[in-house]
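Below is one structure, written out as structure tokens; comments come after it.
Bear in mind the structure is a predicted one, so any value in this text is a computation, not a measurement. Computed over heavy atoms, backbone and side chain alike; hydrogens, waters and symmetry mates excluded.
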Amino acid sequence: MSDAAGRGCYGEAANVQVIVDADTRLVIAAARPVPGTTADAHAWRNSGLAQHCEGVTVLGDGAYINTGLIVPHRKRPRRELLPGEEEDNAAHRKVRARVEHVIGRMKNYKILRDCRQRGDGLHHAVQAVAHVHNLALAS
């Protein structure tokens, strides 16, 4: 799971929460866009996407602390990470990289880069790109 930024009716950038299956690289769901200045954790809590993730492990980056998502261990002042925490973070990075590659591929679509849609236009554009991405993987 992660977020994608795109231009749209919110000015320069929008925050779109996206659920990606890291194994299949399929886009499972995408929430409605919120202004790009919205914190990721706040956008996630208000997205309604958590209901799509019941019973599965959901990873997020460090911006998703206190959301119920699995986030990397953080170093504390004057305290190194424990060996098990380093290993956890390495595994977390590998999975997150697959998800971020999907989001990066979605951002390559011109309709998202140059989106100037009003109202629900950006939301529909993200949905369309997600469908095209999934179809491209299936073929």
Side-chain angles (χ1 to χ4, degrees):
M1 186 288 313
S2 190
D3 64 318
R7 298 184 192 286
C9 57
Y10 294 106
E12 282 302 307
N15 183 326
V16 180
Q17 299 295 306
V18 179
I19 300 172
V20 175
D21 183 311
D23 293 328
T24 64
R25 292 171 175 79
L26 293 173
V27 178
I28 306 302
R32 293 195 170 279
V34 295
T37 57
T38 306
D40 288 338
H42 182 72
W44 170 256
R45 284 188 200 100
N46 294 329
S47 71
L49 292 180
Q51 68 189 13
H52 294 282
C53 303
E54 291 179 9
V56 298
T57 301
V58 182
L59 303 182
D61 60 29
Y64 293 89
I65 293 173
N66 298 324
T67 60
L69 277 61
I70 306 297
V71 298
H73 298 284
R74 295 183 351 178
K75 291 182 183 177
R76 303 282 184 216
R78 296 178 303 278
R79 180 186 156 266
E80 291 297 315
L81 291 178
L82 301 173
E85 293 174 335
E86 293 274 5
E87 293 167 6
D88 289 347
N89 283 359
H92 192 274
R93 276 192 304 274
K94 288 179 183 178
V95 174
R96 290 278 311 151
R98 290 193 298 263
V99 171
E100 291 299 334
H101 280 108
V102 170
I103 292 168
R105 281 193 292 276
M106 288 179 68
K107 288 180 182 181
N108 284 335
Y109 283 83
K110 185 171 174 51
I111 192 170
L112 292 185
R113 281 197 321 267
D114 299 336
C115 190
R116 301 279 186 256
Q117 303 294 320
R118 297 281 179 227
D120 285 337
L122 179 58
H123 176 64
H124 294 304
V126 170
Q127 296 291 325
V129 167
H131 286 293
V132 169
H133 167 80
N134 289 349
L135 286 171
L137 283 179
S139 57

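To the nearest 0.5 Å, atom CG of residue L26 and atom CD1 of residue I19 are 13.0 Å apart. If you take CG on L59 and CZ on R96, they are separated by 7.5 Å, rounding to the nearest 0.5 Å.
Listed by chain and residue number, D40, D61 satisfy the side chain to side chain contact (heavy atoms under 4.5 Å, CB included) test with A63 (two or more places apart in sequence, or in another chain). Qualifying side chain to side chain contact (heavy atoms under 4.5 Å, CB included) partners for D23, counting only residues two or more places apart in sequence or in other chains: D21, R98. Partners of R79 according to the side chain to side chain contact (heavy atoms under 4.5 Å, CB included) rule, which considers only residues two or more places apart in sequence or in another chain, are R76, L82, E85. Among residues two or more places apart in sequence or in another chain, the side-chain hydrogen bond (donor to acceptor under 3.5 Å, both in side chains) test is passed with H73 by D88. Residues that satisfy the side-chain hydrogen bond (donor to acceptor under 3.5 Å, both in side chains) test with K94, not counting sequence neighbours, are absent from this structure.
Between W44 and C53, the closest heavy-atom pair is CH2-SG, 4.0 Å. The two residues M106 and L112 have their closest heavy-atom pair at O-CD1, 3.3 Å. Contact record, L122 with A14: CD2-CB, 3.5 Å, taken as the closest heavy-atom pair. Smallest separation of non-hydrogen atoms from L137 and T24: CD1-O, 3.7 Å. H123 and P33 get closest at one heavy-atom pair: CB-CD, 3.6 Å. Taking each heavy atom of P72 and N89 in turn, the nearest pair found is CA-OD1, 3.4 Å.
Residues in residues 25-39 take part in these salt bridge (charged side-chain N to carboxylate O under 4.0 Å, His left out) pairs, two or more places apart or across chains: R32-D120. Sorted by first and then second residue, the side chain to side chain donor-acceptor pair (under 3.5 Å) pairs with a member in residues 45-57 read H42-N46; sequence neighbours excluded.
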Check: residues 124-132 side-chain donor-acceptor pairs under 3.5 Å, at least two apart:
from	atom 1	to	atom 2	distance (Å)
Q127	NE2	A30	O	3.1

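A continuous path of ILVMFWY side-chain contacts below 4.5 Å connects V56 to L49, so both sit in one hydrophobic cluster. Under the 4.5 Å side-chain heavy-atom criterion for Ile, Leu, Val, Met, Phe, Trp and Tyr, L81 and V71 are members of distinct hydrophobic clusters.
Residue N108 places its CG atom among more than 12 non-hydrogen atoms of other residues, nucleotides or ligands, all under 6.0 Å distant.
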